[in-house]
**Q** 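Okay, here's the structure, questions in a sec.
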Amino acid sequence: MDEEPQSVGELIDRGIRIAGRVMRRLAVFGLALIAFGLVLVGKIDTRIVDNARSAVSDVSAPVLDALSYPIASAYRWFNDIAAIGNLIAENQRLREENARLANLRLIAHDLKAENAGLRRLLRFDPGPVAKSVSTRIIADTGGVFARSLMVHVGSTQGVRKDLPVLAAEGLVGRVQTVGQQSARVLLITDLNSKIPVAIGEQRRRAIMSGTNSHSPMLEFFVSDVRPTPGAVVLTSGDGGVFRAGLPIGVVEAGDGSNWRVRPFVDWDRLDFVRIVDYGQPPTIDLAQEAR
Amino acid sequence: MRQRDSAHFAEIWNGRLLPTLVLTASILLAALPTPFDRAPLPDPVLTAVYLACVCRPASVPPLLLFGLGLLHDLLSFTPIGLHAFVYVLVYALSQRLPVDDSRILSLWLGFVPVVALAGLASWFAVSLHHLIWLAPDPVLARAAASFVTFPVLAFPLLWVLESHNDEA
């Protein structure tokens with residue numbers, strides 16, 4: 001409890017102290033309010049935010065690159081040591097897989113020759129040769145509310161916005177923002193990710209939406225026929241962002257109307273990704289075709 | 001003259017620079033990729049912000065936390081303002097907590113309302129941003145992981161923050 005002021009000076013001092021306390025509380029309240037307002041209006045002009053994100057990425061990329069090396073190395077050593085115990089079982093599995101693949105190689109040779117013949121027959125234009133750049137993931141910049149990665153390649157290496165990002169197993173996501181030396185990848189599991197997909201051999205169209213979980217959701221089916229669990233999900237190419245046929249995952253058994261996709265990519269083992277530029281899709285010169 | 005300069009630098013270092021560097025480093029370290037994508041991971045930045053607010057409140061004014069929150073938002077893909085909002089709230093709450101900053105158990109118990117408020121506020125703000133109610137499970141899992149791992153993260157952070165604490 002403060003003592004009663006004895007003079008006008010003490011009264012003024014006390015008033016200034018109280019005003020200071022009130023101002024500090026108001027400042028905290030005001031900052032919280034501004035921050036909350038930014039969250040709500042953050043969707044309005046994303047270009048300013050994207051530019052700011054790219055600038056921060058470019059500055060932090062060398063630091064994150066240097067810091068992520070020891071972690072990646074430690075994890076690789078840990079995995080190598082753990083794998084020693086499974087060497088015999090792993091060897092047996094690889095022998096069986098090798099025998100299976102030798103069989104498949106013969107089939108692939110036949111199909112390749114047949115495919116080349118059909119392409120010649122149809123005068124098929126495969127479009128420009130894809131260019132790609134492989135890179136190590138330097139930061140997992142997502143968290144609970146977002147699923148994203150940062151890589152240490154940017155516009156200097158030819159990376160552009162919306163280019164597909166692939167792992168050995170399948171589609172990882174697409175480039176969301178690009179700096180000079182860094183880029184952010186929006187994962188297919190992010191809430192903001194919506195990808196037109198083709199499901200199964202019938203290529204039934206749907207939209208795959210990220211849910212921030214490990215299994216994106218299938219929705220907006222074009223036909224009434226629902227997918228069967230285990231059907232392969234590929235990009236459909238609709239919308240023009242992704243080229244058709246990029247592997248994504250398989251359909252998981254859903255409960256009623258809730259269909260999910262189990263991605264091919266093993267998120268726990270994702271160290272490297274490949275950013276692929278397929279170039280612009282070939283355009284058909286109808287006038288020339290008519291002639 | 002040189003003595004006065006070094007004393008002045010030490011004053012700045014112990015005052016604002018050290019806590020700011022600790023918080024910035026925790027933001028960068030939290031962004032590093034981990035091989036445990038499926039496991040709920042703790043939030044080391046929240047722990048660092050809470051400890052800085054409790055142990056060195058004068059060194060981490062709300063405006064600094066606001067700026068660091070924006071930096072965190074820019075580094076991650078979270079909506080702009082989210083972390084700034086959470087860190088300013090953590091500052092406001094931690095100033096009202098009856099916590100003894102010399103006892104780890106007291107700090108740990110004081111972290112319960114902080115982690116709960118941070119989880120609830122961020123879940124509510126992001127849900128409003130996306131205009132859908134997000135599943136609360138990942139937020140709860142992260143809050144639980146942050147609470148459980150608090151002592152592990154708190155010991156090194158306290159050691160750094162308290163090593164040159166002139167506020168004590």
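Below, chain A is the first sequence line, B the second, and so on; all start at residue 1. Hydrogens, waters and symmetry mates are skipped; everything else that's a heavy atom, side chains included, is used.
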**Q** Can you confirm whether A:R274 is buried at CZ, in the sense that more than 12 heavy atoms of other residues, nucleotides or ligands lie under 6.0 Å from that atom?
**A** no

**Q** Top residue by heavy-atom pair count (under 4.5 Å) with chain B, among A:A146, A:S213, A:G37, A:A32?
**A** A:A32

**Q** Any chance you could measure B:L75, atom CG, to A:R184, atom CZ, to the nearest 0.5 Å?
**A** 5.5 Å

**Q** Kindly give the heavy-atom pair with the smallest separation between B:L74 and A:A52, and that separation in Å.
**A** CD2-CB, 3.6 Å

**Q** Side chains of B:V88 and A:V28: closer than 4.5 Å at any heavy-atom pair?
**A** yes

**Q** Top residue by heavy-atom pair count (under 4.5 Å) with chain A, among B:Q95, B:H129, B:H130, B:H72?
**A** B:H129

**Q** For A:L149, is it the side chain, the backbone, both, or neither that has a heavy atom closer than 4.5 Å to a heavy atom of chain B?
**A** neither

**Q** Looking at OG of A:S68 and CG of B:L29, how far apart are the two atoms once the value is rounded to the nearest 0.5 Å?
**A** 11.5 Å

**Q** Would you say that more than 12 heavy atoms from the other residues, nucleotides or ligands in this model lie under 6.0 Å from the CZ of B:R103, or not?
**A** no

**Q** Checking heavy atoms, do the side chain of B:D73, its backbone, both or neither come under 4.5 Å from chain A?
**A** backbone

**Q** Could you look at B:Y87 and say if it's the side chain, the backbone, both or neither that has a heavy atom under 4.5 Å from chain A?
**A** neither

**Q** Let me know if A:S57 has heavy atoms under 4.5 Å from chain B in its side chain, its backbone, both or neither.
**A** neither

**Q** Counting only heavy atoms not in A:Q157, do more than 12 fall under 6.0 Å of its CD?
**A** yes

**Q** Report the option among A:A27, A:A139, A:S54, A:A55 that has the most heavy-atom pairs separated by less than 4.5 Å from atoms of chain B.
**A** A:A139

**Q** To the nearest 0.5 angstrom, please state how far the CG atom of B:L32 sits from the CD1 atom of A:I71.
**A** 4.5 Å

**Q** Quick one: of A:N212, A:L33, A:I138, who has the most non-hydrogen atom pairs under 4.5 Å with chain B?
**A** A:I138

**Q** Below 30° counts as parallel, above 60° as perpendicular, anything between as tilted: where do the rings of A:F36 and B:F85 land?
**A** tilted

**Q** So do the side chains of B:L134 and A:L191 get within less than 4.5 Å of each other, counting heavy atoms only?
**A** yes

**Q** Are B:L28 and A:S60 packed together at the side-chain level, in the sense that at least one heavy-atom pair is separated by less than 4.5 angstrom?
**A** yes

**Q** Counting heavy-atom pairs closer than 4.5 Å to chain A, which one of B:P62, B:A92, B:A135, B:A30 comes out on top?
**A** B:P62

**Q** Which atoms of B:F66 are under 4.5 Å from chain A, going by heavy atoms: the side chain, the backbone, both sets, or neither?
**A** side chain

**Q** Kindly give the heavy-atom pair with the smallest separation between A:A35 and B:G81, and that separation in Å.
**A** CB-O, 3.5 Å

**Q** Can you name the nearest heavy-atom pair linking A:V39 to B:A125, along with the distance?
**A** CG1-O, 3.6 Å

**Q** Is it the backbone or the side chain of A:N192 that comes under 4.5 Å from a heavy atom of chain B, or both, or neither?
**A** side chain

**Q** Please confirm whether the backbone N or O of B:S76 pairs with a side-chain atom of A:R53, one donor and one acceptor, at under 3.5 Å?
**A** yes

**Q** Can you check whether A:L38 reaches B:L70 side chain to side chain, under 4.5 Å on heavy atoms?
**A** yes

**Q** What part of B:I132 gets closer than 4.5 Å to chain A, counting heavy atoms only: side chain, backbone, both or neither?
**A** side chain

